[in-house]
Structure formats: structure tokens, C-alpha cells
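Worksheet for the structure shown next.
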Protein chains: 2
Amino acid sequence: MNIATDTRSRIIAAAKPRFHSRSYANVGIQEICEGAGVQKGSFYHFFPSKRDLVMAVIDEFADEWANGFVAEAFDPALPPMERIDYLIDAAYFWQKSIKQVHGRMLGCIFGNLTLEVSTQDDILRAKLLAIFTRAKSRFKETLEQAVATGTIPPLDAGLTAEAMLAYLEGVILLAKAQNDPELLYRLGPAIKTLRIELSGG
Amino acid sequence: MNIATDTRSRIIAAAKPRFHSRSYANVGIQEICEGAGVQKGSFYHFFPSKRDLVMAVIDEFADEWANGFVAEAFDPALPPMERIDYLIDAAYFWQKSIKQVHGRMLGCIFGNLTLEVSTQDDILRAKLLAIFTRAKSRFKETLEQAVATGTIPPLDAGLTAEAMLAYLEGVILLAKAQNDPELLYRLGPAIKTLRIELSGG
DNA sequence: CTTGCATTTTACCGAACGGTCAACTAGCAT
DNA sequence: ATGCTAGTTGACCGTTCGGTAAAATGCAAG
């Protein structure tokens, strides 16, 4: 089982950077198998379909983030609004380091996949939506604490959290269009100016 | 030349909704030719490559917007900040009507293509970037007029314009993940809360 | 009537696509 | 030693991919 798991994770490891740097449709299973040093028959022993592979890839990216930058950023020890600064910083430095290594801004894999596949595959769309929903919750909790501590005036934490997530994705999209992570540095901090007021009581 | 032009524009007309509703890689030239009632050889008489077709499609979408909603929204007769409201409204109603007809939120073709191809094709990326740059200019002029008329306090119009554009794209992305244009209605108006201050006199 | 050009048709190219299958290997428990 | 199973192999499926080339049209000017 150890070796078997190794094959499976080698496949995922080969698929991750490819899906991130190109697109779902543009990366073939053949190429992933070559990258992983695995035969196509083996691939289909572990993954019923290409979609199942990309789901595993999404999970790995999500875990990586949740246990990495996101865990650091949303540290309860930090003042609430500083956590948001931290997250923006982390996104900036991550994209920047990827560009240094890879030569290109790759952007957010979740955003990339969302725009590519969500009209064509509701299961993938649901999976990606779940990740955005979790991210939104992090923002929301943070905003609620910022309100509770009097750091910011009361607001609609749920909607503002969603707005902030949208802004982050949008900035990454625009930065990718410019192939320049510095846009994250310039535009990122403005995320804290976003506000949606509480409506009706 | 009339009939010839007709063939060319039939090809573009067949390609537009397909690229918009799916993706660049997922739409084949064969299918576009069938949709246009044209032979593949004819296609390559008018377009040297698939990339040239999608460039023409981008141009048509851009013109459509520039002469439609965008022209209406950025009407100099409107108070500056109301133009931004108008644009958000237009995006909302457009996405909503598409969903009613098509059954799905398709989002912004420029954002869709940007995330799909901009790591793989610098010519397409440049084309899409040019469109975003034009859009940013519209926002910037509007903000400058809002500042000049005293509607809003002074700010960095260029950066705030870029932030607003990013936010709009991000909201559309998130709405597409939810397949629900109503998110545009809820989050859209907060675009006016975005502010990036002037740095260093 | 003919030359020339733009357009269209049809057949075709090699490569890649996602996915399947049967045969084979290795390890382990009975 | 035997049988079972997880894993692996490599050949193969039909289809589609973007793109090409040559021959056939239609049409307009000389």
C-alpha cells in the first residue's frame, strides 16, 4: 500500500503544476503519466476519470493553503484586520516566487478552474464553490471579531467577507493579465476599504 | 465581397456564444464550422488560425460592450458616481438575462479567456490586457470627474480605477462559481467603497 | 471568350484526446 | 503451493484535434 499510495501521489504531484500553469483542458492524461513515470493503465487504476484527478488536485491545493499561509494569516493571536493584511501579503509573495521560478504569474488555481469548467461540470463547480465558501467563512469570522473589538464599525460581515474574497480573486486575475504580481502589492491593501453595511435592523 | 464577409461574420457569430459559454480549448473548429454552415477549408481561408478567430471574437465582444452598456453607463450627462452604478446594473442584468436564456451564468468572456490562456499565449494576453486597460481608463476618468466636482474626496484615481475593475471581475467570478447572477446585485454596489489614497503628494 | 482572383469544397494529414482491456507481476494469507 | 488481490504493463479503441492542399466553383474585368 505504501508503494501504491506513492504512485497515486506521484500522479497528483505531476498534475498539480501542470493544471496550475496551463488549464484543465490543455493538460492531457498522457502527459501527466509521463511526468509521473506511470503507465496510463495505472492512472486509471487510481482515478476513474480525469475529473477525479483534478478533484484530488484541488483538494491538495486547498490543504496546502489551509495548513500554510491561511493558517498563519488567520492566527487568532493577530489583531483581526492584520490577518487580512497577512493574507494579502502571503498571496503576493507566493505569486511573486512562482513567477521567479516559472517565469509567469499563474494566479489562483481555484479561480482559474472556476472560470474554465464551471459552466461545463456542476460537480467540479460545487467542489470549487465549497472552497470559496470556506475562504469566505474565514474572512467573515475575522470581520466579526474586528467589529466585536471595536476595530471597525459594524457592517454586514457575511457580504463584506464575500466582497473581499471577490476582490482578491479579481486582483489576481488582473495581475495575471499583466503577468505582474506587483499589482497585488499595489491593489491588495485596498481590500480593507471594502464595506457592505447591514441592511434593515 | 458581401457574401464573403457574410461567411466570415457567420463564423464569428457561431464562435461567440460557444467561446463564451464553454472555453477556448473546449470549442473545436469543426463544431464552429458546423454551427456556421461552413466548410473547414473556408474557415482557414478567412482565419489563419484558431487564435486569429478568437481575437476577432474578442474584438466583437469589446465593440458590443463599448457601443452598448458601456457607452450608456459612461454618459457624461450622468453624475460621475452614478455611471459606476449604471455599469454594475448593466452587468447584473446582462448576466441575469443570459442565465435566463442559457440556463447558466457565463461570466465575463475577457476574464474567462484571461485565466485560461494568458500563461500560454502572450499575444492573446496582450489583447485581453488592452481591453482591461481601456476599461480602467473609463473608471479613471469617471473618478477624476467625481473628485473634480467634489463628489468624493481626492484619491489615486488610477489605482482605484484598477481596483474597481478587479473587484468587478472578481464578483463576476464568484457569481459564476455560484451560478447565480444575484451575487452581482448584492456585492456590486460596494465597488464604490473601494479607495486607494494618493501616495506621496 | 478568356483570364484571373476570391471563395468553396472535399479529402486528407499526423498527433493527441480520454478511456478500455486483457495479460502479467508481486506480495500475502491460507 | 495455491489462490486472491492490488498494482502494473502496453497495446489498443474510436474520436477529435488544429491545420493543409488541391481541385472545383463563381464571378467580374479585359
Side-chain angles (χ1 to χ4, degrees), chain A residues 1-19 21-58 113 116-125 127, chain B residues 1-58 112-113 116-125 127:
Chain A
M1 175 160 188
N2 222 0
I3 298 171
T5 302
D6 188 58
T7 296
R8 199 188 119 98
S9 51
R10 273 212 325 279
I11 293 171
I12 294 175
K16 274 175 70 181
R18 287 171 172 84
F19 283 140
S21 71
R22 309 226 290 284
S23 73
Y24 179 62
N26 198 59
V27 176
I29 286 165
Q30 174 100 357
E31 178 192 341
I32 291 167
C33 290
E34 284 162 13
V38 159
Q39 232 60 27
K40 202 188 266 194
S42 274
F43 175 92
Y44 280 98
H45 177 73
F46 290 101
F47 300 98
S49 72
K50 189 185 183 183
R51 181 214 270 163
D52 291 276
L53 168 66
V54 84
M55 299 244 269
V57 167
I58 292 168
L113 287 172
E116 182 181 358
V117 307
S118 65
T119 55
Q120 305 175 55
D121 189 322
D122 272 328
I123 291 170
L124 283 180
R125 186 175 64 76
K127 177 121 202 155
Chain B
M1 176 158 187
N2 222 1
I3 299 170
T5 302
D6 189 58
T7 296
R8 198 188 120 99
S9 52
R10 275 214 323 280
I11 292 171
I12 294 175
K16 273 176 69 180
R18 287 172 171 84
F19 283 140
H20 193 196
S21 71
R22 309 229 289 284
S23 71
Y24 179 63
N26 198 57
V27 176
I29 286 166
Q30 174 104 350
E31 178 192 341
I32 291 168
C33 289
E34 283 163 12
V38 158
Q39 233 57 29
K40 200 189 265 195
S42 274
F43 174 92
Y44 280 99
H45 177 73
F46 290 102
F47 300 97
S49 72
K50 190 184 183 185
R51 180 215 270 162
D52 291 275
L53 167 66
V54 84
M55 299 245 269
V57 167
I58 291 169
N112 296 349
L113 288 173
E116 182 182 358
V117 307
S118 64
T119 55
Q120 306 174 54
D121 190 321
D122 271 328
I123 291 171
L124 282 180
R125 185 175 64 77
K127 178 123 201 153

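Letters A, B, ... are given to chains in the order of the sequence lines, protein chains preceding strands, and every chain is numbered from 1.
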[N] phosphate, OP1 or OP2, under 4.0 Å from [X] side-chain N/O:
X	N	result
Y44(B)	dT20(D)	no
T7(A)	dT8(D)	yes
Q39(A)	dG10(D)	yes
H45(A)	dG7(D)	yes

Can you check whether V117(A) reaches R125(A) side chain to side chain, under 4.5 Å on heavy atoms?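 The answer is no, as the side chains (C-beta and beyond) never meet within the 4.5 Å cut-off.
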For a side chain to side chain contact (heavy atoms under 4.5 Å, CB included) check, start with the C-alpha distance between K50(A) and I32(A), then their side-chain angles and the critical distance, and finish with the verdict. CA-CA 10 Å; K50(A) 189 185 183 183; I32(A) 291 167; 5.9 Å; no
Mapping V27(A) and V38(B) onto DNA chain C by nearest heavy atom, which one lands closer to the 5' end? V38(B)
Between dT9(D), dG19(C), dG18(D), which one does the side chain of I29(A) approach most closely?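 For the I29(A) side chain, the nearest candidate turns out to be dG19(C).
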Applying side chain to side chain donor-acceptor pair (under 3.5 Å), name anything that partners K127(A), two or more places apart in sequence or on another chain. D59(A)
Please report the distance, rounded to the nearest Å, between [atom1] in [X] and [atom2] in [N].
X	N	atom1	atom2	value
F43(A)	dA6(D)	CZ	P	19 Å
K50(B)	dA16(C)	NZ	C1'	13 Å
I32(A)	dG19(C)	CD1	P	11 Å
D52(A)	dG18(C)	CG	P	14 Å
R8(B)	dT7(C)	CZ	P	11 Å
F19(B)	dG18(D)	CZ	P	8 Å
K40(A)	dG7(D)	NZ	C1'	18 Å
Y24(A)	dG18(C)	OH	P	8 Å

Reckon G28(A) touches a base, only the sugar-phosphate, or nothing at all at heavy-atom distances under 4.0 Å? sugar-phosphate
Heavy atoms under 4.0 Å, any strand shown: does Q30(A) hit a base, just sugar-phosphate, or nothing? sugar-phosphate
Walk me through it: do I29(B) and F47(B) pass the test side chain to side chain contact (heavy atoms under 4.5 Å, CB included)? CA-CA 11 Å; I29(B) 286 166; F47(B) 300 97; over 6 Å; no
So, D6(A) and R10(A), do they make that salt bridge, N to O below 4.0 Å? yes
